[in-house]
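All heavy atoms count here, side chains included; hydrogens, waters and symmetry mates do not. Bear in mind the structure is a predicted one, so any value in this text is a computation, not a measurement.
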Amino acid sequence: MKKSVFLGTLSLTALAAGFASAATLDDVKARGTLNCGVSTGVNGFSAPDSNGVWQGFDVAICRAVAAAVLGDPMKVNFITTTGQTRFSALASGEIDILARNTTWTFSRDADLKFTFAGVNYYDGQGFMVNKALGVSSAKELDGATVCIQTGTTTELNLADYFKANNMKYEPVPIETNAEAQQQYLAGACDVYTTDASGLAATRATFADAENHIVLPEIISKEPLGPLVRQGDEQWSDIARWTLNALIAAEEYGVTSANIEELAKSTENPEIKRLLGTEGELGKMLGLDNDWAVRAIKAGGNYGEIFASNIGEATPIGLARGLNAQWTQGGLLYAPPFR
């Protein structure tokens, strides 16, 4: 009940705000910076480094958009949001784009009036426990206390899963990932549940990571992606096709290292259109023809961004899985650049 009231209230908020400006590109250019909504800190996805510079898989999306639009991936103002505040921040115009491990759902699209630019990570909800709890399956969690972030899809998923399996649980509501980590490690809850990628990111920060396991059950589909307000088709196209450019670049073998050479020498017509050496795709977005080159150079293609932030060689240690290219058995698939 709480969730539906929350969604309805936000919908009215979005309508009352008039979805901020319907000319977001002009606003961003006039301001000289992109306002990007991120998490309060999820290692590997969006968090400031030791110098206070925001880094991560989601951060890279905003840097690519800034590079495409403003010519500089560093011209981004990162604004932290919680599960509760992220949608009002976007609806009110406080942020231009939300890149914060957010699940694409029917109500967020149709009721809250947001437009998802696509999926940058195919995920699913899981459970993490201390090995000392002595369980190896989520179906052994009857009566457990569960840390769960409020204002997220995980609340309903959790309730559905426990009801379907005739189990009970005691929720321990938390606002941020940092709070969840603190409560979980302090023993305030037996279980932490969120997207499996988030569990891997959180576990990687533990001093005794080997003592914690992510249970095998994945109980939901969580297509995560960046989103913008409805009502500004030009801006949603820019967000969508920037993400598509990063995905397509990996498929075509375009990397941050070889992009300049390919722009000069390739005979592949799809790559030529992507890199702006043939056609006028940039003009269709209200940008110049080098927009995609700048977006890809900002942090590399999708594969480079994945590998450097959350891949198997990082502390997060995520395999590509469903997030592999369609040619490699995954779900990643960019529409044609033509």
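- Residues T85 and T82 have side chains that bring a donor and an acceptor to within less than 3.5 angstrom of each other.
- Interatomic distance, NZ of K131 versus OG of S136, reported as 12.5 Å (0.5 Å rounding).
- For G300 against L246, the heavy-atom pair with the smallest separation is O-CD2, 3.7 Å.
- The shortest side-chain heavy-atom distance between M128 and T202 falls under the 4.5 Å cut-off.
- For the residue pair S256/E304, the side-chain donor-acceptor check at 3.5 Å is satisfied.
- For the 3.5 Å distance criterion, the side chains of Y192 and N177 qualify, holding a donor opposite an acceptor.
- Under 3.5 Å, the side chains of N120 and D58 contain a donor-acceptor pair of N or O atoms.
- Without hydrogens or angle criteria, N165 side chain to M167 main chain gives no donor-acceptor distance under 3.5 Å.
- In this structure, the side chains of L227 and R108 stay at 4.5 Å or more apart for every pair of heavy atoms.
- When all heavy atoms are compared, the tightest approach of L285 to Q234 is O-NE2, 3.2 Å.
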Show me the donor-acceptor pairs within less than 3.5 Å that the side chains of residues 62-76 make with the rest of the protein, sequence neighbours left out.
unit_1: R63; atom_1: NH1; unit_2: P73; atom_2: O; d: 3.0
unit_1: R63; atom_1: NH2; unit_2: W54; atom_2: O; d: 2.9
unit_1: D72; atom_1: OD1; unit_2: M74; atom_2: N; d: 2.9

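- Here the closest non-hydrogen pair linking V146 and Y169 is CG2-CB, 4.0 Å.
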(request) For the pair Q181 and T205, evaluate side chain to side chain donor-acceptor pair (under 3.5 Å) and give the outcome as yes or no after the intermediate values. (result) CA-CA 9 Å; Q181 178 176 323; T205 67; 3.2 Å; yes

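- Atom CZ of R100 and atom SG of C36 lie 11.5 Å apart (nearest 0.5 Å).
- Of the N and O atoms on the side chains of T154 and T152, at least one donor lies less than 3.5 Å from an acceptor on the other residue.
- In this model, a donor atom of one side chain and an acceptor atom of the other lie less than 3.5 Å apart for T103 and E222.
- Contact detail for V172 and C189: the closest heavy-atom pair is CG2-CB, 4.0 Å.
- Under a hydrophobic clustering in which Ile, Leu, Val, Met, Phe, Trp and Tyr are joined whenever their side-chain heavy atoms come within less than 4.5 Å, directly or via other members, I174 and V191 fall into different clusters.
- Tracing side-chain contacts under 4.5 Å through hydrophobic residues (I, L, V, M, F, W, Y), one reaches L281 starting from L25; they form part of the same cluster.
- At least one donor-acceptor pair under 3.5 Å links the side chain of R273 to the backbone N or O of F337.
- With hydrogens and angles ignored, the 3.5 Å screen pairs no side-chain donor or acceptor of D27 with any backbone N or O of A30.
- No side-chain heavy atom of K221 sits less than 4.5 Å from a side-chain heavy atom of N157.
- The same ILVMFWY cluster, assembled from side-chain heavy atoms under 4.5 Å apart, contains both I259 and Y252.
- Between H212 and Y184, the ring planes lie tilted relative to each other; the angle falls in the 30° to 60° range.
- At a threshold of 4.5 Å between non-hydrogen side-chain atoms, the residues V28 and N35 do not count as touching.
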Show the atom names and distances, to 0.1 Å, of all donor-acceptor pairs under 3.5 Å that link a side chain in residues 314-322 to residues at least two apart or in another chain.
unit_1: T314; atom_1: OG1; unit_2: G311; atom_2: N; d: 3.4
unit_1: T314; atom_1: OG1; unit_2: G311; atom_2: O; d: 2.7
unit_1: T314; atom_1: OG1; unit_2: I316; atom_2: N; d: 3.3
unit_1: T314; atom_1: OG1; unit_2: G317; atom_2: N; d: 3.4
unit_1: R320; atom_1: NE; unit_2: N323; atom_2: O; d: 2.9
unit_1: R320; atom_1: NH1; unit_2: E250; atom_2: OE2; d: 2.9
unit_1: R320; atom_1: NH2; unit_2: E250; atom_2: OE1; d: 3.0
unit_1: R320; atom_1: NH2; unit_2: E250; atom_2: OE2; d: 3.3
unit_1: R320; atom_1: NH2; unit_2: N323; atom_2: O; d: 3.0

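- Side-chain atoms of L215 and L141, non-hydrogen and from C-beta on, do get closer than 4.5 Å to each other.
- Using a distance-only test at 3.5 Å, with no hydrogens or angles considered, a donor-acceptor pair links the side chain of E179 to the main chain of E175.
- Aromatic ring centres of Y121 and Y302: separated by at least 6.0 Å.
- Between the CG atom in N268 and the OG1 atom in T266 there is a gap of 5.0 Å [rounded to 0.5 Å].
- For the 3.5 Å distance criterion, the side chains of T24 and D96 fail to qualify, holding no donor opposite an acceptor.
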(message) Is there a side-chain contact (heavy atoms from CB on, under 4.5 Å) between F45 and N309? Walk through the geometry before answering.
(response) CA-CA 7 Å; F45 285 85; N309 290 289; over 6 Å; no

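- A295 and T242 make their closest contact through CB-CG2, 4.0 Å (heavy atoms, listed as atom of the first residue, atom of the second, distance).
- For the pair S197/D123, a side-chain contact is recorded, criterion being any heavy-atom separation below 4.5 Å from C-beta on.
- When all heavy atoms of T255 and N258 are compared, the closest pair comes out as N-OD1, 2.8 Å.
- A salt bridge links D237 to R240: at least one charged side-chain nitrogen sits closer than 4.0 Å to a carboxylate oxygen.
- At distances below 3.5 Å, not a single donor-acceptor pair connects side-chain atoms of N51 with backbone N or O atoms of V53.
- Side-chain contact annotation: T115 with R229, donor-acceptor N/O pair under 3.5 Å absent.
- Heavy atoms of other residues, nucleotides or ligands lying less than 6.0 angstrom from CD of E260 number 12 at most.
- Taken together through direct or relayed side-chain contacts under 4.5 Å among Ile, Leu, Val, Met, Phe, Trp and Tyr, L287 and L275 form part of one hydrophobic cluster.
- Checking side-chain atoms of D290 against main-chain N and O of V293 turns up no donor-acceptor pair under 3.5 Å.
- Under the 4.5 Å side-chain heavy-atom criterion for Ile, Leu, Val, Met, Phe, Trp and Tyr, L133 and F206 are members of distinct hydrophobic clusters.
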Distance-only donor-acceptor pairs under 3.5 Å for side chains of residues 326-335, two or more places apart:
unit_1: W326; atom_1: NE1; unit_2: E251; atom_2: OE1; d: 3.4
unit_1: W326; atom_1: NE1; unit_2: E251; atom_2: OE2; d: 3.3

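- Within 6.0 Å of CG on D208 lie more than 12 heavy atoms contributed by other residues, nucleotides or ligands.
- Using a 4.5 Å cut-off on side-chain heavy atoms (C-beta onward), D109 and F114 make no contact.
- Using a 4.5 Å cut-off on side-chain heavy atoms (C-beta onward), P226 and L243 make contact.
- Between F127 and Y161, the two ring planes are tilted [angle within 30° to 60°].
- Residues D190 and T145 have side chains that bring a donor and an acceptor to within less than 3.5 angstrom of each other.
- A side-chain N or O of Q125 and one of T193 form a donor-acceptor pair less than 3.5 Å apart.
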